[in-house]
Each structure stands twice: as structure tokens, then as C-alpha cells.
Student: 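My questions all concern the structure below.
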Amino acid sequence: MRYTRGFIPTIKEVPKEATNTSHVLLLRGGYVRQVGAGIYELLPLGLRVLHRIEGIVRDEMDRAGAQEVLMPALLPSEYFQETGRWDSFGDTLIRLKDRKGGEYNLGPTHEEIITDMVRRDVKSYRQMPLNLYQIQMKFRDEPRPRAGLLRCREFVMKDAYSFDIDEAGALTSYAQMRDAYHRIFKRLGLAYRIVAADSGAMGGSTSAEFQVLAQSGEDAIAACTKCDYAANIEVATAAFKADVAPDAAAMQASLKIHTPGAGGIEDVVKFIGKGLTPAHMLKSLVYTAGLRHVMVVVRGDHQVHELKLARLLKVDAVHLASDADVKSVTGASVGFAGPVGFKGDVFADHAVANVLNAVTGANESDHHLTNVNYGRDFKAELADLRTVAAGDACPECGAALDLYQGIEGGHIFILGTHYSAKMGATFLDEKGAEKPIIMGCYGIGVSRLIAAAIEQHHDENGITWPLAIAPYHVIVTPLGKEDAIREAAEKVYTSLLAAGVEVILDDRDERPGVKFKDADLLGIPLRITIGQKSLAQGKVELKKRTEKDAVLVDIDACAAAVRTLVTEAGAVLRGGSA
RNA sequence: CGGGGCGUAGCGCAGCCUGGUAGCGCGCACGGUUCGGGACCGUGAGGUCGGAGGUUCGAAUCCUCUCGCCCCGACCA
């Protein structure tokens, strides 16, 4: 394409609404424009990148035996009502009415529709396994859209749905999708980790997330520095010593001490001194879960993970009890609660059981107890209740865990019969028995990956696209208006087109600096610069976006050289197949 | 939903406190000089100051309401 014919409105100044890197560069590079909060339009370059990503996803989905379908975005309310999600989805569901007053919603995800599609025509075990996928817009009224393409109200998503006759078949489908996802993320050129995940409200069991590593990620993940263990912080656990309870002989007599005004862990450590560390204290918190209050005990240097607590208590959410409730339940003001003598349910993190002669609140204002030991002085239900921290021991191998930020790029999980049972999607097995179909669901946030890729691939001058998803592979930059330069540029451009690579010719009447700045901002992986000096020797400069220096190449050989680089990177050639 | 910030030319901003006929930089158009990392000089076009109502002789500026956008938090299949 010729730059002068293109619609690539780059901007020098940083748009004020953009705060994170990918958002800034997408706007500055003329890839996207904002239409409303969480609503964007893709300009030609942005759409090309989206198509590149979609192409890789389609290729791998098809290779894994899935077939593409297109589902409606406008859904009659009966579908979501059938599974109860018309209500449970809440305000996130975008609802509308037609002229006759009929109720509809825009699809935030399509389990109901695909299940309906399948239940109409799949009646026999012979018709499975089956895997259908879609790549299309999904709509969610996010409470807070943000960060450009990373969290939108309207976004392109790939969702695949598998249908199997039994658990084993579903696990096979799941494994195939997992393998396909590994190929996809590798081909996209992204650094990622597959992590254990919470299956959330989708009603699933086995599940994993594909997290694209990036500073700006919304998700925290814990990954082992030695083995393959990696998990979303929502489910990550640290190894604990279950059978190394403190030696009873080492336990000392418990004493009540006066600690006026020293409520928090740090206050007590400072007050008592004498080498006391937070790890030798027990933090006791009162939580409200539904109608009841419970006490949760973790080591002083640990944090309670409320989601884990909520799961343990089988409630949607828990929150810290009010000061008044704490007082009425423990008899002491906030900061002096403790498990010893507490009348009520006590839940403690595993690590609590290992602390010898701990210090904790006495359930009496301005007082603490010393030498408190689990088992001897109090009992509690032990569970994994804390947030994993960097340096904790890996539950698989014991090595140190490290914490990363990640952007959820994909999520795969087995749904089981959650939808099929509710919607009567059943089949007859070989014995003629009617059974619900076992389903799985596999999503990739396609438009989000455009931004995720930039979060990972950029420098101070702009984007540095991996070849596989760049809008163009190479940009030809002639310097000067002399006939010889112009003719050489045309010749190179034509030869690149003939070689099947995606090329953009910067034929603008601009000074070199402007062309270089724009080329860097756009992030085109390869640049061929045609200047007077090298051209006199029959050569042009070939430079990688990520490298500082260019190499001189014979003008007649540059197309082949570019083609080789593109092919080696696994990028798709014009009209070619992967 | 709670807290904070911002809406003035295509973009980034000043002007507002202390009312008096709207300005700067970039970009854009034209002319000239330049030409290997966002050139320079000159000329010019472009704004119902987010919207509605109010106060006033007079409102970008003061008051009320409203809409939109951004950030932090809650939330996030």
C-alpha cells in the first residue's frame, strides 16, 4: 500500500484520556479512535492487526477440529431466562426492547445460544465429539471500562464450545483446546503463562487461564521460579507444613499483657519489641458472611484472601465486620480480637498451626496474650485462607514463588452439564439412555490481545510488533525526491509485492525524520531505507525495528531477504497459507 | 455505586479566582527557503467556550441543574 493513499492519522501529542502504554500508542499510531467509554473504532491499521490475530486463531481452531459459526449479537430474552442468567448477570447485561415491547439482550457470551443450536440437531452419541467456535463482538456493560482496548464494553472475542458424551471425552476436548491455545499464543509472539484459575460464575470445574505477562495487567499470578506451577492469585496456594506442628515441650505458659492503644500488628511489634516479628503474631479478623460472623486467623505477616474465605463458607462475598459488630462479638475493640476463648466459629490458615508461642489479641481491649499455641490454647478449622506472597514456597516443588501481573488473554474450562441440563440438551447413548451433553468453553479476548501485544512489545519510540501480527511486514522509506531514489523505491516496492510480503511504501513528500518517526511509532517490524549514498553502490538499508543498526543489502536481493525473515517468523504471506 | 479530576479550534493547553467583544503551541492551507531522526520564515482558515436554565447592562468567567470523558476503589462471564 502507498502511504499517501492510506488512512493513518498519527498524532504527536499524547491524548489526555490515555494512561497506559497500549492505549497511547494505539491512538498515536492511528490504529483506533474512541467513540465512547469502552467503545472503539478500528482504523485500517487496527483492523489489519485484528485480522492477523483472528487468522492465527482460526488456523489453530480449525486444525484442532473445531468449526466456525456466527451467532446473533441480538438475543431474545428467553435464552438467558432459560438458564437464569437474565437475572444473575445483573447490570452487566445490556438489555433492550423492540417496537413491540419484546425484551432482548446483547450477547455478553453465547453458551445459551450455542447450546440451543446444538440441542436442536444433536440427538445421538454418534454426532459427538463436536466443537463449534465463533469470533465476534460481545457486549458487556462493564462497571468501569478502562485502559483502552483492555477492558471494553464491546469487544471481539473468540469462543469455542465443545460437546462430548462423557467426562473422558470432555477432558480430551479440553486437552486439545489447551494444546491449540499454546500454539496460538506462541505464534502470536507473546510471553505468557498458563495458570490455574477460578472457574467463576460460569459454573465450571477444570479451568486454566492464558495470562499475557505485562506490568499493566489487572490480574496477579503466582508462578514458581523452578517448576511449571502457576496460578491466578485467586487460587494460588503456598506450601505449608501440615505435620510439623510445634513441639509441645517448647510451648510456654500463656500470659495476658497490657498493650494500651497497640491494636495493629505493627503497633504490637513496636510495643513489645524484644525481637517479636509479625510472623510470630496471629492476626484475628471478624468477617461477616451473610448473616453470621466468623473469626479468621492468619499469621501476622499474611493477608486474608477474601475470595478463598467466601468459597470456604459457600457465600458470594464476605466483608470485614463493622467496628460495632467486632465489639459485640469479641467483647473488645478492633485490634484486640483473638481466637482464644472466642465463642463462635474460628477458621485459621494452615500456617497458623505452625507458629510457636504466638502473640495475639486477648478479646479484651488494650490486652494481648503471649505464648498462644494452636491445639493447646484454641482450635479452629484449618484451611488455605491467605494470599500468596512473593517468596512463598511452591506447593508443587517447594521452590520460591514469584508474583507477576498478567492480562487474561484466554480462559479454558469444562462446563460439565451446567447448561445442557438446564436447557435439555440431551442425547441417546449406545444403550438408548438419555444423557445430558458434557460441555466445555474456550475463550480468547481477540481485540484485547491487540493491546496486550503492545504492552509487551514497545519501546520509547512506539510499537514493536512481532512479525506475525504486524499490520505490515515491511515499510519502504525513500529519502529524497530525486528520480533515482523514487524509481528505486518503486522497484523495491514492486519486488516486495511480488515476493508476497505485506508492504507499505512511504511515498509521502516528507522529511526523513518524519518518516522515521512514523515508521517507529507504527511499529512496522522491518524497514528498507533508500538513500543517495548506498543507492550509488546499488544497495539499500534493511533494518529491524527492534535493532539499532541497519545492514546494507543489494537492491535486487532485498525482497528475498525480507521474504526469508517473514517466513522464518512464521508470519503469513500475502495470499499464502500457513 | 463511593472518592477525585477534566470538558475552551482537529490535538495538547492558557484564560475563570478578581465578569467587559477568546489566546498560545502543534496540526491544517498557500508562498518561499530547507531535506538522513518529528525544519524555518511569512500569510491564512478554523471556536454557538459540553448542554440547559438563572444572576447581570454584559457570562468562557458567578449560581443551579444536566450530559460526557478520565483516574483510584468496589465490581469484573
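Owing to the predicted nature of the structure, the values given are computational and were not obtained by experimental measurement. All chains are named by letter (A, B, ...) in the order of the sequence lines, taking the proteins before the strands, and each is independently numbered beginning at 1.
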Student: For B/U21, what is the paired nucleotide under Watson-Crick or G-U wobble rules, both distances under 3.5 Å?
Tutor: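 B/U21 is unpaired by these criteria.
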
Student: Choose from B/G38, B/U34, B/C71 the nucleotide whose nearest atom is closest to any side-chain atom of A/Thr19.
Tutor: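 Output: B/C71.
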
Student: Could you tell me whether the phosphate oxygens of B/C35, OP1 or OP2, come under 4.0 Å of any side-chain nitrogen or oxygen in A/Gln532?
Tutor: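 For B/C35, OP1/OP2 do not have a side-chain N/O of A/Gln532 under 4.0 Å.
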
Student: Rounding to the closest angstrom, what is the interatomic distance between B/G25 and B/U18 at atom P?
Tutor: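 The same atom, P, in both gives a distance of 30 Å.
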
Student: Does B/U48 have a Watson-Crick or wobble mate here (both distances under 3.5 Å), and if so which one?
Tutor: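 Its partner is none (no Watson-Crick or G-U wobble pair with both distances under 3.5 Å).
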
Student: With a non-hydrogen cut-off below 4.0 angstrom, is A/Glu510 in contact with a base, only sugar-phosphate, or nothing?
Tutor: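 No contact.
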
Student: For the residue pair A/His411 and A/Tyr181, confirm or rule out a side-chain donor-acceptor distance under 3.5 Å.
Tutor: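 Note: A/His411 and A/Tyr181 side chains miss the donor-acceptor criterion.
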
Student: Determine whether the side chains of A/Tyr419 and A/Arg85 contain a donor N or O and an acceptor N or O closer than 3.5 Å.
Tutor: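 The answer is yes; a qualifying pair exists.
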
Student: For A/Asp520, answer base if it contacts any base atom (sugar-phosphate contacts may also be present), sugar-phosphate if it contacts only those atoms, and nothing otherwise; contact means non-hydrogen atoms under 4.0 Å.
Tutor: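 Base: the residue A/Asp520, judged by heavy atoms under 4.0 Å, touches a nucleobase.
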
Student: Ignoring backbone atoms, test whether A/Arg511 places a side-chain nitrogen or oxygen under 4.0 Å from the OP1 or OP2 oxygen of B/A39.
Tutor: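 Checking B/A39 against A/Arg511, a side-chain N or O does come within under 4.0 Å of OP1 or OP2.
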
Student: Please figure out whether A/Asp509 or A/Lys517 has its closest RNA chain B nucleotide nearer the 5' end.
Tutor: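 Nearest nucleotide further toward 5': that of A/Asp509.
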
Student: Can you tell me the base-pairing partner of B/C35? Count Watson-Crick or G-U wobble geometry only, both distances below 3.5 Å, and say none if there is no partner.
Tutor: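 Base partner found: none.
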
Student: Partner of B/C1 by Watson-Crick or G-U wobble geometry, both contacts under 3.5 Å, or none?
Tutor: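 Partner of B/C1: B/G73.
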
Student: List the atom of A/Arg545, the atom of A/Gly462, and the distance in Å for their closest heavy-atom pair.
Tutor: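 Of all heavy-atom pairs spanning A/Arg545 and A/Gly462, the closest is NH2-N, 3.3 Å.
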
Student: Which part of the nucleic acid, if any, lies within contact of A/Lys481, taking any heavy atom under 4.0 Å across all strands shown: a base, the sugar-phosphate backbone alone, or nothing?
Tutor: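 Result for A/Lys481 = base.
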
Student: Both distances under 3.5 Å, Watson-Crick or G-U wobble: report the partner of B/G68, or none.
Tutor: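 Base partner found: B/C6.
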
Student: Is there a side-chain contact between A/Leu25 and A/Leu521 (heavy atoms, below 4.5 Å)?
Tutor: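 Yes, side chains in contact.
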
Student: Hey, does A/Glu408 reach any base, or is it just sugar-phosphate, or nothing, if we go heavy atoms under 4.0 Å?
Tutor: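 Result for A/Glu408 = nothing.
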
Student: Under 4.0 Å, heavy atoms only, any strand: does A/Ala147 hit a base, just the sugar-phosphate, or nothing?
Tutor: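 Answer is sugar-phosphate: A/Ala147 comes under 4.0 Å of backbone atoms only.
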
Student: Using a distance-only criterion (donor-acceptor N/O pair, under 3.5 Å, no hydrogens), is the base of B/G37 paired with the side chain of A/Asn461?
Tutor: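 By the distance-only test, no, there is no pair.
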
Student: Under 4.0 Å between any heavy atoms, over every strand shown, what does A/Arg33 touch: base, sugar-phosphate, or nothing? Just pick one.
Tutor: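 Here A/Arg33 touches no strand at all.
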
Student: Provide the distance between the two C1' atoms, one in B/A59 and one in B/G51, to the nearest whole Å.
Tutor: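 These two C1' atoms come out 15 Å apart once rounded.
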
Student: Using a heavy-atom cut-off of under 4.0 Å over every strand shown, decide if A/Gly480 touches base, sugar-phosphate, or nothing.
Tutor: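 The residue A/Gly480 makes no contact with any strand.
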
Student: If each of A/Pro512 and A/Pro143 is mapped to the nucleotide of RNA chain B with the nearest heavy atom, which maps nearer the 5' terminus, i.e. the 5' end?
Tutor: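 The residue mapped nearer the 5' terminus is A/Pro512.
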
Student: Distance check needed: B/C35 C1' versus A/Ile530 CD1, whole Å only.
Tutor: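 My rounded result for the distance is 17 Å.
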
Student: Listed in order of residue number, which residues of residues 73-81 of chain A have a non-hydrogen atom at under 4.0 Å from RNA chain B?
Tutor: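 Those residues: none at all.
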
Student: Charged N to carboxylate O under 4.0 angstrom, A/Asp507 versus A/Arg5?
Tutor: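 Salt bridge absent between A/Asp507 and A/Arg5.
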
Student: Measuring from the side chain of A/Glu17 (C-beta onward, heavy atoms only), which nucleotide among B/G12, B/G37, B/G36 has the closest atom?
Tutor: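 Taking heavy atoms from C-beta onward, the closest nucleotide is B/G12.
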
Student: Tell me if the aromatic rings of A/Tyr161 and A/His110 count as close, with their centers under 6.0 Å from one another.
Tutor: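 Here the rings of A/His110 and A/Tyr161 have centres that are no less than 6.0 Å from each other.
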
Student: In the strands shown, is B/A59 matched to any nucleotide by a Watson-Crick or G-U wobble pair with both distances under 3.5 Å, and which?
Tutor: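 The answer is none; no pair meets the criterion.
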
Student: Tell which nucleotide pairs with B/U43, taking only Watson-Crick or G-U wobble pairs whose two distances are both under 3.5 angstrom.
Tutor: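 Here B/U43 is engaged in a pair, and the nucleotide opposite it is B/A29.
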
Student: Can you tell me if A/Glu455 and A/Asn20 form a side-chain donor-acceptor pair at under 3.5 Å?
Tutor: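 Present: a donor and an acceptor within the cut-off.
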
Student: Going through the checks in order, is the side-chain contact (heavy atoms from CB on, under 4.5 Å) test met by A/Arg28 and A/Thr10?
Tutor: CA-CA 5 Å; A/Arg28 287 195 53 214; A/Thr10 58; over 6 Å; no

Student: Please tell me which of the listed nucleotides, B/C75, B/G38, B/G36, lies nearest to the side chain of A/Lys12?
Tutor: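 Out of B/C75, B/G38, B/G36, the nucleotide with an atom closest to A/Lys12's side chain is B/G38.
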
Student: Between N or O atoms, less than 3.5 Å apart, protein on one side and nucleotides 4-10 of chain B on the other: list the pairs.
Tutor:
from: B/C6; atom 1: O2'; to: A/Lys16; atom 2: NZ; distance (Å): 2.9

Student: Hey, would you say the A/Trp465 and A/Tyr31 ring centroids sit under 6.0 Å apart?
Tutor: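 Yes - the distance between ring centres of A/Trp465 and A/Tyr31 falls below the 6.0 Å cut-off.
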
Student: Judged by modelled atom types alone, do A/Ser162 and A/Tyr442 share a side-chain donor-acceptor pair under 3.5 Å?
Tutor: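 A/Tyr442 and A/Ser162 do have a side-chain donor-acceptor pair below 3.5 Å.
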
Student: What distance do A/Glu510 atom CD and A/Lys515 atom NZ have between them, rounded to the nearest 0.5 Å?
Tutor: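 Answer for the CD-NZ pair, A/Glu510 versus A/Lys515, is 8.0 Å.
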
Student: From the set B/G38, B/C70, B/A74, return the single nucleotide nearest to any side-chain atom of A/Asp518.
Tutor: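 Closest nucleotide to the A/Asp518 side chain: B/G38.
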
Student: Which part of the nucleic acid, if any, lies within reach of A/Gly443 when heavy atoms closer than 4.0 Å are counted: base, sugar-phosphate only, or nothing?
Tutor: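 Nothing, no nucleic acid heavy atom in range.
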
